[in-house]
Amino acid sequence: MACLHAEGIEVDTKQPALENVTNEPLLSTAWRWENPRTCPRHADVNIKNSKGSWNNFSWLTIADMDLLLIFRMRMPEDFIREVCIPATTNTLRERTHSPRVYKWLGCRFFMACFVGVLPVKKWWSQNPISQFEGAPFWCNDMMLLGQFRAIDCAIRYTGKPPPNKFQDKFHGMHELQDTFNKHYAKNYTPSWLNCLDESRNTWLNKHCPGFMIVERKLHQLGN
């Protein structure tokens, strides 16, 4: 918490978390506190007590999969193979392939679990692993540092050219995001109830691209 405050991020620690509040009335669209009188689930006859499921695999089959197979099942691999890798190869000016991209992505996932290990070359150190400095493990057995840095600089997530009439700072992510959503819509059926874990920072500007404003009590502008 102290680190967040030091970075200038405001965190609401005075109000109790919403999941810990009991007998709290709901905020209506008219900005009045009202007691709920109906259950949203029972009020809609189209909502069933269905569990989330993958359309092509049973949960028993998924239980026998290793983590890499589960990850590949959840990713739009056709898009990665047909769009991301060719676009990245054009930037690299040398041919790359799916296993190398997945190794790069795996290194990034592992590195994201630890804070403050800089520079990146520490993950490819030749020194003995120490609990007091450096990275907690080495990536030498996964891929070469030069290969990692090359993909890190060249990775692309779209094969479409940027718009000519304006600058879209999210252009590089639109195609991947749309493809990912279509992949889930085609292959996954969600349960009737989804739980979203709250982790919010105070943010009162409703006009910042890429930020979502979620209205909350005591913050009428949203946070």
Side-chain angles (χ1 to χ4, degrees), residues 3-4 7-9 54 56-57 62 65-127 129 133-188 190 196-197 199 201 203 208-212:
C3 294
L4 293 177
E7 295 176 3
I9 300 177
W54 290 90
N56 298 323
F57 301 96
I62 296 174
M65 294 181 177
D66 59 31
L67 294 179
L68 179 59
L69 285 178
I70 294 176
F71 175 78
R72 295 179 63 184
M73 175 188 70
R74 299 174 63 175
M75 293 295 292
E77 282 206 308
D78 291 342
F79 177 80
I80 295 175
R81 184 169 50 252
E82 298 170 5
V83 177
C84 292
I85 291 180
T88 301
T89 298
N90 291 337
T91 308
L92 279 173
R93 297 182 180 179
E94 64 174 315
R95 186 178 180 181
T96 188
H97 45 77
S98 298
R100 184 175 296 176
V101 172
Y102 277 127
K103 287 181 179 180
W104 167 82
L105 191 57
C107 290
R108 273 295 172 196
F109 282 159
F110 276 124
M111 294 162 68
C113 296
F114 303 91
V115 179
V117 183
L118 293 173
V120 171
K121 66 180 181 180
K122 285 188 176 182
W123 295 91
W124 277 265
S125 175
Q126 300 297 326
N127 299 324
I129 295 178
E133 61 179 357
F137 61 89
W138 307 148
C139 298
N140 299 300
D141 294 336
M142 303 179 194
M143 65 189 310
L144 298 176
L145 175 59
Q147 294 174 341
F148 176 86
R149 282 178 165 171
I151 296 178
D152 222 28
C153 295
I155 190 68
R156 296 293 183 273
Y157 305 106
T158 181
K160 297 181 179 179
N164 296 324
K165 296 183 179 180
F166 62 95
Q167 181 184 11
D168 183 2
K169 294 185 178 181
F170 295 95
H171 167 75
M173 295 302 301
H174 286 317
E175 190 176 5
L176 174 61
Q177 179 178 325
D178 293 342
T179 304
F180 186 86
N181 291 339
K182 291 178 182 177
H183 176 74
Y184 262 74
K186 179 181 178 181
N187 295 283
Y188 184 73
L196 178 63
D197 185 20
S199 180
N201 296 326
W203 188 265
C208 181
F211 279 72
M212 178 183 293

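This one's a predicted model, so the numbers in the text were calculated from it and none came from an experiment. Scope of the values below: all heavy atoms of this structure, side chains included, with no hydrogens, waters or symmetry mates.
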Q. When you check the side-chain N and O atoms of Asn187 and His183, is any donor under 3.5 Å from an acceptor?
A. yes
Going by side-chain contact (heavy atoms from CB on, under 4.5 Å), name the residues that satisfy it together with [X], two or more places apart in sequence or in a different chain.
| X | answer |
| --- | --- |
| Lys122 | Val117, Pro119 |
| Leu176 | Phe79, Tyr157, Met173 |
| Asp152 | Trp104, Arg108, Phe148 |

Q.
If the condition is side chain to side chain donor-acceptor pair (under 3.5 Å), which residues does His171 pass it with, not counting sequence neighbours?
A.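 Per chain and number, His171 pairs via side chain to side chain donor-acceptor pair (under 3.5 Å) with no residue.
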**Q.** Non-neighbouring partners of Asp66 that pass side chain to side chain donor-acceptor pair (under 3.5 Å), sequence neighbours left out
**A.** none
Within the distance-only criterion (no hydrogens, no angle test), does the side chain of [X] pair as donor or acceptor with the backbone N or O of [Y] below 3.5 angstrom?
| X | Y | result |
| --- | --- | --- |
| Glu77 | Arg72 | no |
| Trp123 | Leu145 | no |
| Trp54 | Arg74 | no |
| Thr158 | Gly172 | no |

Q. Does atom CG of Leu67 have more than 12 heavy-atom neighbours from other groups under 6.0 Å away?
A. no
Q.
If you count every heavy atom of other residues, nucleotides or ligands that lies below 6.0 Å from Phe110 atom CZ, does the total exceed 12?
A.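 No - once you tally the heavy atoms of other residues, nucleotides and ligands closer than 6.0 Å, there are 12 at most.
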Working to the nearest 0.5 Å, report the span between [atom1] of [X] and [atom2] of [Y].
| X | Y | atom1 | atom2 | value |
| --- | --- | --- | --- | --- |
| Thr91 | Ile151 | OG1 | CD1 | 11.5 Å |
| Leu105 | Ser98 | CG | OG | 11.5 Å |
| Gln147 | Arg100 | CD | CZ | 4.0 Å |
| Tyr184 | Met75 | OH | CE | 9.0 Å |
| Ile129 | Trp138 | CD1 | CH2 | 5.5 Å |
| Thr96 | Asn90 | OG1 | CG | 12.0 Å |

Considering all heavy atoms, the nearest [X]-[Y] contact:
| X | Y | value |
| --- | --- | --- |
| His97 | Ile85 | C-CD1, 3.8 Å |
| Gly159 | Glu175 | N-OE1, 3.0 Å |
| Leu144 | Trp124 | C-NE1, 3.8 Å |

Between [Y] and [X], is there a side-chain heavy-atom distance shorter than 4.5 Å?
| X | Y | answer |
| --- | --- | --- |
| Met73 | Tyr188 | no |
| Gln177 | Phe170 | no |
| Thr88 | Val101 | no |

Q: Please name all residues satisfying ring-ring contact (aromatic ring centres under 6.0 Å, His included) with Phe109, sequence neighbours left out, ordered by chain then number.
A: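 ring-ring contact (aromatic ring centres under 6.0 Å, His included) check on Phe109 returns Phe71.
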